[in-house]
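The structure appears below as C-alpha cells.
Sequence lines set the chain letters: A, B, ... in the order given, protein chains first and strands last, and positions in each chain run from 1.
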Number of protein chains: 2
Amino acid sequence: MSLKNVTIYDIAREAGVSAATVTRVLKNSPSVKDATREKVRKIIDVHGYAPSSVAQDLGSGNTKTIGMILPSIRNPYYADLVSAADAEARARGYSLWLYQIPQEEKITAGVVGNLIARRLSGAFFIGSFVDVDRPDLRLLLDKLGKYMPIVAICPPRENLGFICMYHNLDGAVRQAVRHLNLLGHRRFAMIGGAEHLEDSGARALSFLDELRILDLPAPPEYGHLGGGDPSAGQQEVLRLMTRLPKEQRPTALLCYNDLVALGALHQLRQMGLRVPEDVAVIGCDNQFFCPFTAPPLTSIDMQTEEHGRSAVRELLSASKNQSATIVRDASLIIRESCGAKLGWQDRG
Amino acid sequence: MSLKNVTIYDIAREAGVSAATVTRVLKNSPSVKDATREKVRKIIDVHGYAPSSVAQDLGSGNTKTIGMILPSIRNPYYADLVSAADAEARARGYSLWLYQIPQEEKITAGVVGNLIARRLSGAFFIGSFVDVDRPDLRLLLDKLGKYMPIVAICPPRENLGFICMYHNLDGAVRQAVRHLNLLGHRRFAMIGGAEHLEDSGARALSFLDELRILDLPAPPEYGHLGGGDPSAGQQEVLRLMTRLPKEQRPTALLCYNDLVALGALHQLRQMGLRVPEDVAVIGCDNQFFCPFTAPPLTSIDMQTEEHGRSAVRELLSASKNQSATIVRDASLIIRESCGAKLGWQDRG
DNA sequence: CAAAGAAATGTTACCGGTAACATACACACG
DNA sequence: CGTGTGTATGTTACCGGTAACATTTCTTTG
C-alpha cells in the first residue's frame, strides 16, 4: 500500500517523541515512562512497524546471516542438513542465505564478490566439491576465510585452515563388510562416487582393509566409481554384471549413497537378479526412502540432522580463520537389502 | 585476518582519491581517467574488496533478496522448486533467504516482524499451508503484503489479494482415471493429503467427476486422506485393504504425492499384493525416484522447475498487492505401476 | 593567451537504525 | 529556596555506500 516503508522516524513523529525513545521502547528499556511506552507501542502496532534489519546490520556490523554454499538443495542429504541448520540458526536469531553453486560451475570473481559483499556472519561450505585440485575453490575459500568464519561440511581432509566437519564411515563400512561376510558373501564391490573425491577414497580404504583382514579378494577393476546419482548405480551394476565373467561378479555392493543404491536396485531387478538372495546392496546416508525401497535398503546413518545443528553451533562460536576438525561417527542400519529378514539381528 | 572489513574509504585513502571515485571505478563509469582506474582497481584486488551490499541495500532501499517461506526444504517437491527459483533469481541479481515454518508451528508476531524487518524485495509463500482457516497465516500474509509483493505457490484458491500460482491437475487426473479404466480397473481410491487441503479437494473433484462420466462407482469412505508422507500411504493401504470387504477394495490408487505412493507400494508389497497386476498405483509430482521404484511409478508431472523459475519472474515484475492467478498444467507420465509395461502407449 | 567547455574528481547529504552523550524536569533535602 | 540526584527524553554521530551537485583541472579555440 504505502510506497515507502515506515521508518522509526515516522513512528517517532507520530508519537511526538524522538527516534531514540522509539528504539528504547523496541528494546524494552526500563527508562521509558509507561504512558510514553503505551503510546509508542500503539503506533508501532497500527503500522505493523518492524525496525529495518538492513539498517541494524549496517550499524552493528553483524548481519546475523549465514551463507549456505552448496551444489544443489535437491540432493536430499543436503536438504536434511540445511533444514536442521536452519532450525538451529533461527533459534539463535540467525538466518540462512542460500547460495547454490552447481558442481560443474567454475567459480568466478563475481561469485566471490557476491559472497564477500553480503557481509555474512559466517558461511557453510557444503559438498563433495571441496577439492584442492580446483584452484577456483581454493581461491574462494581463502578469500572468504579472510572475512568470516567458515565451516566446511565435506569429505575428510587435511587441515584446510578452517573448521572441517565430516563423517567417519570407517566403523560402519567395516561392520557392513563383516556382516555381509558372515552371511556368506565373498565377492564385494563399491560403486558410485567419483574417483577424485576424498570420501570415496576414505571409505574405500576401510573397505579394502577390512577385506584384507577377512582374507577376502580385493574386487577387480576397483576404482571406477562413476557418480552420485541413480543412473550411476544403474550403469555400474550393468558394467559389473555384464563385463565381468560370472565367477568374478560381486554378490555384495556397497554404494556411495542411497541414490546410487536406488539405481543399483533398479538395474538388478531389471536384470532378473534378486536382492538380497543373489546380490546384497548397502547404501549410505539413510535417506527417507530407505525403508520403502524393494527390498528396504540397508544404509549407513550419518546423523545428518545432528550434524547440521552442530555445524551451526560450531560456526557461531568460531572466529575467522579458526581451524578444527570435527568428526561424527556413522552407524549401519540393517534392513533387508543385505540379507537380513525383518527382525534379524546383526551378529557381526 | 583483519578484524574489520575493508571499506570503500580504506580503498579511497590508499589510492589517494575520494570514495566517489572508487564507486565510479566499481560501476565502470567512463568518466574516470585510465591511470586512476588502474590504480584503484589494483588496490581493490589486493584487498579483495567488494562493496557491502548491506550499505548498498540501505541506500537503495532494495535488498534484492527474496524470502522463501515454506514448511520444510526436506520435501523434495519444495527442494526442486527452491533450487530452480534460486538459479533464476541469481541470474537476475537476486538471492534467496530461507525461512522454514514447520506446518504445525503457530506464526507469532515475532515471525511476522522478522520477515518485515528484512525489507525483502518480495516473498514466496510455498506450501499446502495456505489456509484461510488459520488466522495466523492470514495475518502474516496480510501484513507482509503491505510491504512487498508476494507470490503464493499453493493449492488452488480464490483471490487472495496477491499472486497465486498452482498446478491444474484436472486433465492429468482424468487421464489417469480413463487410462486405468481402459486397463480394466473399476474400483478407485485416492489416498494421502489432508482433508482440509484445497488441492486434495480440487483433484478429488476431477477424480469423482471422471468416475461419474465413466459411470463408475464412487469409492466408499472417500475423504479420509491422512497425510503427505510415506507412512500415510502405508496406513491408508492397510486401512483400505483390511477394513473393506474384498469385493469393495480398490484396485487402483491415486496418491496425493509420490511420497505417499512410495509408502503405498511398500505396504502393498508387504501384504503380498502385486503392482500393477493386483493394484495399480499412481503418484504425483514425478519426483526423482519415480523411475526407480518397484515397479517404476506412474506419476503426474508438475513442471516443477519451470514453475519455480516462472515464479521468480512473476515476483520480480510484480508490485505490492498485485493480484493474479497463474495456473500450470500437469501431465501424466506413464510408467509400470499402473499396468503399462515398458513401451506401452497411452490410448486414453 | 584567456575564456569557454568538457573531463575528472571532490563534497555533501541521505538511507534507517543505535549508542553515547547531553539536557530538561521533578522531587527531596539541608 | 538553592542544590543534588534521578528519571525521562532529546541530540548527535556513525555504520558504508551512492547520487546529486560542486569544484578543479585540463583542452580547445577565437
Does the side chain of B/I126 come within less than 4.5 Å of B/M165's, by heavy atoms?
-> no
Quick one: does A/N5's side chain get under 4.5 Å of B/R119's, heavy atoms only?
-> yes
Residue-phosphate contact under 4.0 Å: A/Y49 side-chain N/O, C/dG17 OP1/OP2 | yes
Do the side-chain N or O atoms of B/T23 get closer than 4.0 angstrom to the phosphate oxygens (OP1, OP2) of D/dT18?
-> yes
Closest non-hydrogen atoms of A/L70 and A/I73, given as atom of the first, atom of the second and distance, are CD1-N, 3.8 Å
For [X] and [N], what is the distance between atoms [atom1] and [atom2] respectively, to the nearest whole Å?
X: B/I11; N: D/dT18; atom1: CD1; atom2: C1'; answer: 16 Å
X: B/L58; N: D/dG17; atom1: CG; atom2: P; answer: 12 Å
X: B/N28; N: D/dT18; atom1: CG; atom2: P; answer: 12 Å
X: B/R13; N: D/dG17; atom1: CZ; atom2: C1'; answer: 15 Å
X: B/I8; N: D/dA19; atom1: CD1; atom2: C1'; answer: 12 Å
X: B/R119; N: C/dC15; atom1: CZ; atom2: C1'; answer: 12 Å
X: A/Q56; N: C/dG16; atom1: CD; atom2: C1'; answer: 9 Å
X: B/D57; N: C/dC14; atom1: CG; atom2: C1'; answer: 16 Å

In Å, rounded to the nearest 0.5 Å, how long is the span from CD1 of B/I66 to CG of A/L98?
-> 11.5 Å
Might you work through the salt bridge (charged side-chain N to carboxylate O under 4.0 Å, His left out) test for B/D45 and B/K42, ending with a clear yes or no?
-> CA-CA 5 Å; B/D45 279 353; B/K42 207 165 144 191; over 6 Å; no
Give the C-alpha distance, both sets of side-chain angles, the deciding distance and a yes or no for salt bridge (charged side-chain N to carboxylate O under 4.0 Å, His left out) between A/K146 and A/D142.
-> CA-CA 7 Å; A/K146 283 191 195 159; A/D142 289 345; over 6 Å; no
A/C154/A/F125 under side-chain contact (heavy atoms from CB on, under 4.5 Å): CA gap, chis, key distance, verdict | CA-CA 8 Å; A/C154 65; A/F125 201 83; over 6 Å; no
Let me have a per-nucleotide readout for nucleotides 7-12 of chain C, 5' to 3', with B, S or -, counting only protein heavy atoms under 4.0 Å.
-> -SBBB-
Contact class for A/G59 (heavy atom, under 4.0 Å): base, sugar-phosphate, or nothing?
-> base
